[in-house]
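In what follows, a structure is listed as structure tokens, so that the remarks can point back to it.
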Amino acid sequence: MIQIKPKIEQRSKCPYCGRDLNAKNILWQGMHIVLDCKCAGCGSEIIDDLRVGHGVKNYLQVNLIKQEVFAAVAYRKEWLGKPLLNSLQNPQPDKLEIVKEFFKPCNRAIILNCIDHLYGHSLLKLLNAQRHLECNSECGLVVIVPKFLRWMVPDEVAEVWTVPISLKNGQTYYPSFAEFVEEETKRFDEIYVSEAHSHPSQFDITRFTRVPKHKFDEPETRITFIWREDRLLLNSGLFRLLKKLNQRERALQLQNLKIKQLFEKIRLQVPEAKFAVAGLGTKTKFPEWIEDYRVDIFNEKIEKEICRVYSESRLVIGLHGSNMLLPSAHAGMTIDLIDERWGNFAQDILYQEGDPRMASFRYRFLPYQTSNDTLAFIAAVMLQKWFNFKLQMTADLVNSDVEDY
């Protein structure tokens, strides 16, 4: 956590002369929380990004007068720095209708800001709430969330501020939001800002969705494919070509066919299995033996229902992306098919297994080019060997304890 009241803890250096920056005030841009600073040496006016979220380990600074961006690593300059500069230069006049919910009083507060321009990032920030509720109970937790995440805010928080900022506008600066937060923070004697780590390590997803995780003792073996229509289980070159030729519908049909063939191959090896698809987009049809839970739009009611489908699934399979976060958290096992995003390995998986040996069995990562034959074989092995694997791990643990003793 970083204290911002009664004093600002963050200390930064001027990007020009290296002298200390003196923070004059805090500006709640939205996704970013920034310090309006002045250099004690050269007098430069610098916007200094608070070290939270993606800024925990990498600094980001902006000079509005000179329109310059400074970042620890080049990709942050392009990905986050320039949009921040642009947003501050172009404040939006819209008056946001922010909903404030009050649950318990507090003089000391931790503010967890979950606004972002990507769904997965917003969700991952919210998961930090559990750590604060368990480890910082002396402070009240105030959660700032976009509307689409309100349903996942856990109980026991002190306040929730729900902001109608869409993902598309997640990097936009709304002065009305900044004014709202500035006014509300006057009520607290002491304020800390959560670092909102990009991938918190320990949390129980059921505290957020209120949907139970998979129970392996259930007799049904359901396999669910996580469907999406903007990133397909096809050769990326072929997909780009079909889009260029205005044949995107054909690409969706090819993905549909590949999933049906995969399920048919798994069914040959696991005849008792049931099959389903879930996700966003309904432009294709599946045969009756494949349950279809796809939708054209998500809302709170639908998301809870779909989480129950994930929970009832012994195995979920899907293409790498934020679409795999909630499925991987609720299902028994996961196969994550990765395209060119190997640099983002495991970022879309919400591990709910503490034993690393068990986790290596439950969560698998494969190239999306993996053939259906190989994929079906791996899926069948995971489904058929899970209980034997668990028993073996338990036996090894018991034997290890005896030997250590």
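Taken from OH in Tyr310 to CG in Leu326, the straight-line distance is 6.5 Å, to the nearest 0.5 Å. Remark: Ile205 CD1 to Gln352 CD distance equals 6.0 Å, nearest 0.5 Å. Distance check: Leu35 CG to His32 NE2 gives 13.0 Å after rounding to the nearest 0.5 Å. The CG atom of Asp373 sits 11.0 Å away from the CD1 atom of Ile378 when rounded to the nearest 0.5 Å. Of the inter-residue distances, the one linking Ile302 atom CD1 with Glu300 atom CD reads 11.0 Å to the nearest 0.5 angstrom. Rounded to the nearest 0.5 Å, atoms CD1 (Ile266) and CD (Gln261) are 12.5 Å apart.
With 3.5 Å as the limit, one finds no donor-acceptor pair spanning the side chains of Asp336 and Thr334. Defined by atom type and a distance below 3.5 Å, a donor-acceptor pair is present between the side-chain atoms of Asn63 and Tyr16. Remark: the Tyr59 side chain and the Gln61 side chain contain no N/O donor-acceptor pair separated by less than 3.5 Å. Side-chain polar atoms of Ser12 and Asp48 form a donor-acceptor pair below 3.5 angstrom.
At a threshold of 4.5 Å between non-hydrogen side-chain atoms, the residues Ile335 and Met382 count as touching. The closest side-chain heavy-atom distance from Asn344 to Ile338 is not below 4.5 Å. Residues Leu232 and Leu254 fail the side-chain proximity criterion, which asks for heavy atoms closer than 4.5 Å. In this structure the side chain of Lys100 reaches within 4.5 angstrom of the side chain of Phe180, judged on heavy atoms. In this structure the side chain of Leu167 never reaches within 4.5 angstrom of the side chain of Leu118, judged on heavy atoms. For the pair Thr206/Lys213, a side-chain contact is recorded, criterion being any heavy-atom separation below 4.5 Å from C-beta on. With a 4.5 Å cut-off on side-chain heavy atoms, Ile111 and Phe188 do not count as touching. Between Leu27 and Asp36, every side-chain heavy-atom pair lies at or beyond the 4.5 Å cut-off.
Looking only at distances, no side-chain donor or acceptor of Asp339 sits under 3.5 Å from a matching main-chain atom of His320. Remark: side-chain polar atoms of Glu353 are paired, donor with acceptor, to backbone N or O of Asp355 under 3.5 angstrom. Using a distance-only test at 3.5 Å, with no hydrogens or angles considered, a donor-acceptor pair links the side chain of Asn113 to the main chain of Gly30. Between the side chain of Ser328 and the main chain of Leu325, a donor-acceptor pair closer than 3.5 Å is present. Not one N or O on the side chain of Gln347 forms a donor-acceptor pair closer than 3.5 Å with the backbone of Ser198. At distances below 3.5 Å, not a single donor-acceptor pair connects side-chain atoms of Ser44 with backbone N or O atoms of Cys39. The main-chain N or O of Gly321 is found under 3.5 Å from a side-chain atom of Asp348 such that the two form a donor-acceptor pair. Using modelled atom types, no side-chain atom of Glu156 and backbone atom of Leu141 make a donor-acceptor pair closer than 3.5 Å. Side-chain atoms of Lys304 do not come within 3.5 Å of backbone N or O of Val211 as any donor-acceptor pair. A distance-only check finds a donor-acceptor pair linking the side chain of Arg51 to the backbone of Asp49 [under 3.5 Å].
In Lys258, the NZ atom is crowded: over 12 heavy atoms of neighbouring residues, nucleotides or ligands sit closer than 6.0 Å. The neighbour count for Glu138 CD, taken as heavy atoms of other residues, nucleotides or ligands under 6.0 Å away, is above 12. The number of heavy atoms from other shown groups lying within 6.0 Å of CZ (Phe377) does not exceed 12. Summarising the local packing, NZ of Lys24 is surrounded by more than 12 heavy atoms from other residues, nucleotides or ligands at distances under 6.0 Å.
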Item to check | Glu264/Lys260 under salt bridge (Lys or Arg N to Asp or Glu O under 4.0 Å): CA gap, chis, key distance, verdict | outcome: CA-CA 6 Å; Glu264 287 168 351; Lys260 285 189 291 189; over 6 Å; no

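Ring geometry for Phe203 versus Phe208: interplanar angle over 60°, hence perpendicular rather than tilted (30 to 60°). Taking the six-membered ring for Trp and thresholds of 30 and 60 degrees, Trp79 and His54 have ring planes more than 60 degrees apart, a perpendicular arrangement.
Aromatic rings of Trp151 and Phe298 (six-membered ring for Trp) have centroids beyond the 6.0 Å cut-off, not under it.
Glu312 pairs with exactly one of Lys274, His214, Arg222 by the side-chain hydrogen bond (donor to acceptor under 3.5 Å, both in side chains) rule, that one being Arg222.
Pairs passing the ring pair (Phe, Tyr, Trp, His ring centres under 6.0 Å) check and including a residue from residues 257-282, sequence neighbours excluded, read Phe263-Phe275, Phe275-Trp289.
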